[in-house]
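Okay, so here's the structure we're looking at.
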Amino acid sequence: MSMKAPSHSAKSNNNDDTDAFAGKLLEWFDVNGRHDLPWQHPRSPYRVWLSEIMLQQTQVKTAAPYFERFVAALPNLPALAAAPMDTVLGLWSGLGYYARARNLHAAAKLCVEHHGGDLPRDLDALTALPGIGRSTAAAIASQAWGDRHAILDGNVKRVLSRYHGVAGYPGLPAIERQLWALAESHLPHTRMVDYTQAQMDLGATLCTRADPACILCPLQHECIARIEGRVAELPTPKPGKVAPQRHAQVLWLLDADDRVLLQRRPPVGIWASLWTLPQADDEAQAAQWFAAHTAHADFDAGETLPPIAHAFSHYKLELQPRRWRRVALRDAVGDNDDLRWYSRAELAALGIPAPIRKLIEAAL
DNA sequence: AAAACGGGGGA
DNA sequence: TCCCCAGTTTT
């Protein structure tokens, strides 16, 4: 990776062959971009770095006052390196993600130790510092020195996947590689400082995740997602991991008065302490439970009902209900705090999981 | 309630 | 190289 200032191929050192993407973006930026952010006046490598770290997981509006306070207390890199950790954390207090502050502090010390108290003007050396990855390094180098490097943060991923109609979750290595290549293909040969800011501004203000303002977008006529009506589908969201499918048997017992037998769940775990129909892992265990709790009733006489599908955040549960009417319990089981007959009128006041309530109330 | 976020760290 | 995490905000 080269550290030198923008290198230009012989044919491309002029504005005429600026990529259409970059050209339109820069024109838009001149009028609509953010030109008065605190780290832009004055712009120094230290201030650019600090702003990029703050902006990693924080919006401009939130970060700005913290930035001002931070640079007022620690105006340059050696001051940061010399400050106690507590001071740094105090200045960061309220911003969250405190690992950023620890990395920032550690990186400042490394810069004093290895780079003469300055940030290194080299992508690999920047990336080697804690808290700086490929995109942050490129954002720093382009904004601090105007060096020609592509960034690929969440904003740019969103813009490029829409503009080029790139489907597939951007976190996947193959998709991310493709997006990096596209980002590099659009790099202009001039105005890198503005170009980098322009991409972030477009993503943050127009090409937003929800409800993008396409009619205001300078790229709307070339944007594949816009042309093909796929703006809402791109970028492809993270594929939810396929939730494991579990099964359970549900025993629905009604007595001679049409009261329903409910069981209180254990105080921890799924549906903690709620009242549900007695449940078993499989049919054999359901039969076993049935034999142990009921008097003179025939398990096989139960009426098999359509299964209920229920989705939890981390697994899917299919409940197989089976119903018996006019059931009596064994004397030894009886009513107690965790296993009771409830009349229909009493159900309303109980904590009952939604799918179970739906099942038993739909029947009447 | 769940997805998004950028870097770090472990597999 | 890839995958997943921590920690927080946004949708």
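These values consider heavy atoms only, across backbone and side chains, with no hydrogens, waters or symmetry-generated copies. By convention in this document, chain letters (A, B, ...) are assigned in the order of the sequence lines, proteins followed by strands, and residues within each chain are numbered from 1.
Atom CE of A:M54 is separated from atom P of C:dT9 by 15 Å (rounded to the nearest Å). Across the protein-nucleic acid pair, A:I151 atom CD1 and B:dC5 atom P stand 13 Å apart, rounded to whole Å. Here the C1' atom of nucleotide C:dT10 and the NZ atom of A:K61 are 11 Å apart, to the nearest Å. Here the C1' atom of nucleotide B:dA3 and the CD atom of A:E233 are 17 Å apart, to the nearest Å.
For the residue pair A:H35 / A:H41, no side-chain donor-acceptor distance below 3.5 Å is found, with atom types taken as modelled. A:T58 and A:R100 are linked by a side-chain donor-acceptor pair at a separation below 3.5 angstrom, with hydrogens and angles left out of the test. In this model, a donor atom of one side chain and an acceptor atom of the other lie less than 3.5 Å apart for A:E52 and A:Q143. Between the side chains of A:Q197 and A:D201, at least one donor N or O lies within less than 3.5 Å of an accepting N or O.
For the pair A:R344 and A:Y342, the cation-pi criterion (under 6.0 Å, within 45° of the ring axis) is not fulfilled. The side-chain tip of A:R134 points at the ring of A:W180 from less than 6.0 angstrom away and within 45° of straight on. Remark: A:R47 is not positioned above the aromatic ring of A:W39, lacking an NZ or CZ atom under 6.0 angstrom from the ring centre and at most 45 degrees off the axis.
Stem analysis of DNA chain B (at least three stacked-register Watson-Crick or G-U pairs, each with both distances under 3.5 Å) gives B:1-5 with C:7-11, B:7-11 with C:1-5.
Look at A:K24 and A:E222 and you find a salt bridge, because one of the NZ, NE, NH1 or NH2 atoms lies within 4.0 Å of a carboxylate O, short of that distance. Ion pairing of A:D257 with A:R326 is absent here, as no side-chain N (NZ or NE/NH1/NH2) approaches a carboxylate O to less than 4.0 Å.
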Nucleotide by nucleotide, nucleotides 6-11 of chain B touches protein heavy atoms under 4.0 Å in the pattern (B base, S sugar-phosphate only, - none) BSS---

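For DNA chain C, the residues of residues 164-177 of chain A within the heavy-atom distance limit of 4.0 Å (strictly under) are A:P173, A:R177, sorted by number.
In the hydrophobic clustering of ILVMFWY residues, with side-chain heavy atoms under 4.5 Å counting as a link, A:L25 and A:F29 come out together.
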query = When you look at A:V250 and A:L305, which way does the side-chain contact (heavy atoms from CB on, under 4.5 Å) test go after all the steps?
reply = CA-CA 10 Å; A:V250 164; A:L305 299 165; over 6 Å; no

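Nearest-nucleotide assignment on DNA chain C puts the 5′-proximal partner with A:Y98, out of A:Y98 and A:R209.
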